[in-house]
Amino acid sequence: MSGDHHHPHGDKAHDHDSHAPVSEAHDISSESALLERALRELLIEKNIFTAGDLRRQIELTESRTPELGAKVVARAWTDAQYKARLLADAKPAIENLLGIDLNLTPELTVVENTAARHHVICCTLCSCYPRAVLGIPPAWYKSPEYRARVVREPREVLAEFGTQLPDDVEIRVVDSTADMRYMVLPLRPRDTGHLSEQELIALITRDSMIGVSVLAGSQY
Amino acid sequence: MKPVFVTGDKVKVRAAEVATHCRTPHYLRGKRGIVARVFGAYPNPEQLAYHRLGVPYLPLYQIEFDFKEVWGKAAGATVITADIYQHWLERDN
Amino acid sequence: MTHAVHDLGGQPAGPIEFAEHERTFFDQRVDAMMRILAHPEHGHYTVDAMRRAVESLPENQYFELGYYERWVRAIKQLVVEKGLLSEDELNCKLAALRSEQRPA
C-alpha cells in the first residue's frame with residue numbers, strides 16, 4: 001500500500017509531511033507488533049470489523065493531507081466573502097469548497113493570523129489536531145516537549161522553529177482541550193497578489209497552518 | 001444544561017483535583033480568564049471516558065487567559081486560550 | 001498536588017525533536033482500528049475512553065512507549081472492558097503467534 005497515494009500539485013505543502021509508509025518500524029517493540037496483530041486478527045475473526053473496513057479507514061485517513069488546508073487558506077486569501085464565512089463557521093465553508101463530508105469529524109474553528117496577532121495551536125493533554133484538513137499530526141506535535149513547553153515559553157518554542165516575531169505581535173497559544181479543533185489561517189505573504197490560487201497553494205506549509213511558522217515574505 | 005456565561009464574562013477555573021479522566025488542564029486550574037467564545041453543548045467527557053452517556057451535555061467555552069495570570073510572569077503580549085466545560089468554571093466578579 | 005502523567009502543560013521538558021517520522025503499517029493499522037472502534041456512530045467506545053486508557057498507563061510506559069504503542073495497549077484494555085474479546089482469548093492468540101514466530 002505504499003505507492004498508491006500521490007498529490008497532483010502543491011507539493012510544497014508536503015515538504016515536511018512525507019507520510020507514505022515505507023516499512024514496518026524497527027523501533028516498535030515486538031511485543032507491540034504482536035499485540036497489534038493479535039487484536040486485529042481476533043477482531044476480524046469475530047466480525048467486529050472486516051479487513052476491508054480497516055483498509056478503507058486507512059485510505060480515508062491517508063487522503064487527509066495538509067494540501068486540503070492549503071486549498072482552504074488560498075481561497076480565504078483570494079475571496080473575502082469566503083474568508084468571512086470560514087472564520088464564522090469553518091465546517092460548512094470547508095465542506096463546500098473541498099467536497100468532503102466533515103459530519104463525523106470533530107468541530108473545527110479557523111483562527112486568523114494577522115500582522116498584529118499570531119496563533120499557534122497545541123494540545124497539552126493528548127494530540128488533538130485538525131486532522132480533517134491537515135492529516136495526521138507530526139511527531140513533534142504529539143511530543144511531550146512541544147506539549148509541555150509551548151504554553152509556558154511560546155516565543156522560545158517558536159524561535160526553535162525558526163520563527164521570530166516582533167515583540168508587539170500578540171501571541172495566542174490555542175490549547176485544544178475539548179471538542180473543538182483549530183486550524184490557523186496564516187498571514188498572506190506580501191507581493192503575492194499576482195499569483196494564481198494554485199500557485200498560492202504551493203506556498204502554504206503545514207507548519208504555517210499549525211502556527212509554529214510564518215510563510216516566507218510575511219510582513220509585520 | 002443551559003449556558004450561564006456569555007462572551008466577555010470574567011470566570012475562574014475551579015482549582016479542584018480529580019483522579020479520574022478530565023479535560024481541564026492542571027496548569028489552568030484556579031486561574032482567572034475571560035470568556036472569548038461560547039460554543040455549543042457537548043457530552044460530558046468525564047462520563048464518556050467510562051462508557052457512560054455523557055448527559056447532561058455541558059456548555060463549552062473558549063476561555064482566554066493572560067500569560068501572567070497563568071505563569072506569574074509576563075512574556076510580552078501573550079495569551080493562552082483553552083476550551084473549558086461549564087462545570088469547571090465559576091463566576092469571577 | 002496530583003498531576004496526571006499526560007497533563008503536560010508547563011512541565012519541565014527539553015528541546016523539541018523535529019525529525020519527521022515515517023508512518024508505518026503498524027501506525028496505520030493501530031490508528032485505523034482505534035478510529036473504527038471509537039467511531040462516533042457505530043463504535044464500541046468513545047475517543048474519551050481511549051484517552052482515559054492511554055492516560056492510565058504507568059508513567060514509565062507513557063513516556064517510553066511510542067505513540068501508537070500506547071494506543072495499541074489502550075485498545076487492548078478497552079476491547080476487554082467492553083467484552084469484545086476476553087483476556088483468555090487474547091492470551092491464547094498471543095501464545096499462538098509467538099510459537100508461530102519461533103518454529104521448533
Side-chain angles (χ1 to χ4, degrees), chain A residues 1-2 16-25 27-43 45-46 48-49 53-58 60-62 103-106 122 124-127 136 138-140 142-152 157 160-161 175, chain C residues 4 6-37 39-41 44 47 50-51 54-55 62-73 75-76 79 84-85 89-98 101:
Chain A
M1 80 176 78
S2 56
H16 305 289
D17 187 55
S18 62
H19 58 273
V22 290
S23 63
E24 297 287 351
D27 56 350
I28 299 294
S29 78
S30 59
E31 194 54 38
S32 298
L34 217 57
L35 184 55
E36 182 276 320
R37 189 173 158 200
L39 287 166
R40 170 165 44 90
E41 291 185 1
L42 284 172
L43 291 167
E45 277 168 34
K46 297 205 161 224
I48 303 295
F49 52 75
D53 293 335
L54 205 61
R55 172 77 201 173
R56 277 187 291 279
Q57 181 61 51
I58 291 171
L60 175 65
T61 298
E62 295 297 325
N103 187 37
L104 293 174
T105 65
C122 66
T124 60
L125 297 173
C126 50
S127 55
I136 299 267
W140 56 257
K142 303 184 284 193
S143 72
E145 290 79 14
Y146 180 73
R147 289 162 52 197
R149 292 178 53 217
V150 69
V151 290
R152 185 151 201 166
V157 166
E160 281 178 39
F161 280 90
D175 195 352
Chain C
H6 67 283
D7 189 354
L8 289 170
Q11 293 296 295
I16 295 159
E17 165 66 61
F18 292 106
E20 302 276 339
H21 294 232
E22 297 281 359
R23 212 147 52 250
T24 64
F25 294 130
F26 171 84
D27 297 347
Q28 289 186 324
R29 289 190 200 113
V30 175
D31 190 276
M33 260 196 278
M34 181 281 199
R35 254 150 242 289
I36 289 168
L37 293 166
H39 188 280
E41 280 183 345
H44 294 269
V47 69
M50 187 70 190
R51 293 193 185 110
V54 168
E55 292 159 11
Y62 187 88
F63 289 111
E64 280 163 20
L65 292 171
Y67 184 76
Y68 287 107
E69 293 187 281
R70 298 198 287 265
W71 279 29
V72 79
R73 282 159 180 78
I75 291 172
K76 176 193 165 184
V79 297
L84 301 178
L85 299 178
E89 280 173 302
L90 259 168
N91 288 337
C92 285
K93 183 72 171 180
L94 285 166
L97 292 179
R98 279 198 190 92
Q101 282 187 341

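Every chain is numbered from 1, with letters handed out A, B, ... down the list of sequences. Atoms considered below: every heavy atom in the structure, side chains included; atoms not considered: hydrogens, waters and symmetry mates.
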### Task
Taking the side chain as every heavy atom from C-beta outward, state whether C:Glu89 and A:Glu45 have any atom pair closer than 4.5 Å.
no
### Message
Is any side-chain heavy atom of A:Arg40 closer than 4.5 Å to one of C:Met33?
### Response
yes
#### Entry: C:His21 vs A:Lys142, side chain to side chain contact (heavy atoms under 4.5 Å, CB included): CA-CA, chis, key distance, verdict
CA-CA 12 Å; C:His21 294 232; A:Lys142 303 184 284 193; over 6 Å; no
### Query
Picking from C:Val79, C:Asp31, C:Leu84, C:Val30, which has the most non-hydrogen pairs under 4.5 angstrom with chain A?
C:Asp31
### Task
Can you measure from OG (A:Ser30) to CG (C:Leu97) and round to the nearest 0.5 angstrom?
11.5 Å
### Task
May I ask you to name which of C:Leu37, C:Val72, C:Val47 has the most heavy-atom pairs under 4.5 Å with chain A?
C:Val72
### Query
Do you know the tightest heavy-atom contact between C:Glu20 and A:Pro138?
OE1-CB, 3.8 Å
### Task
Flag the one option from C:Gly66, C:Ala96, C:Gly14 with the top tally of heavy-atom pairs under 4.5 Å to chain A.
C:Gly14
### Message
Tell me the closest heavy-atom pair linking A:Leu104 and C:Pro40, and the distance in Å.
### Response
O-CG, 3.5 Å
### Task
With the side chain counted from C-beta on, respond yes when C:Leu85 and A:Ile48 share a heavy-atom pair under 4.5 Å apart, and no when they do not.
no
### Message
If I measure from the heavy atoms of chain A, does C:Phe18 come under 4.5 Å with its side chain, its backbone, both, or neither?
### Response
both
### Message
Between A:Val150, A:Thr61, A:Val151, A:Leu125, who has the most heavy-atom pairs with chain C when the cutoff is under 4.5 Å?
### Response
A:Leu125
### Query
With a 4.5 Å heavy-atom cut-off, do A:Phe161 and C:Ile16 have their side chains touching?
yes
### Task
Nearest 0.5 Å please: distance from the NE2 atom of C:His44 over to the CZ atom of A:Phe49.
9.0 Å
### Task
With rounding to the nearest 0.5 Å, note down the distance linking NE2 in C:His39 to CD in A:Gln57.
7.5 Å
### Message
What I want to find out is whether A:Glu31 reaches C:Arg98 closely enough, with some N-O distance under 4.0 Å, to be called a salt bridge.
### Response
yes
### Task
Among A:Arg149, A:Arg152, A:Glu41, single out the residue with the greatest number of heavy-atom pairs under 4.5 Å to chain C.
A:Arg149
### Message
Please report the interatomic distance CZ(C:Arg73) to CG(A:Leu35), rounded to the nearest 0.5 Å.
### Response
6.0 Å
#### Entry: A:Leu39 side, atom CG; C:Lys76 side, atom NZ - distance, nearest 0.5 Å
8.0 Å
### Message
Using 0.5 Å steps for rounding, measure from the NE2 atom of C:His6 to the CZ atom of A:Arg147.
### Response
8.0 Å
### Task
Tell me, for A:Tyr146 versus chain C, whether the close heavy atoms (under 4.5 Å) come from the side chain, the backbone, both or neither.
both
### Summary
Checked A:Pro144, A:Cys126, A:Ser143 vs chain C; the most non-hydrogen pairs under 4.5 Å come from A:Pro144
#### Entry: A:Leu34 vs C:Gln101 side-chain heavy atoms within contact, under 4.5 Å
yes
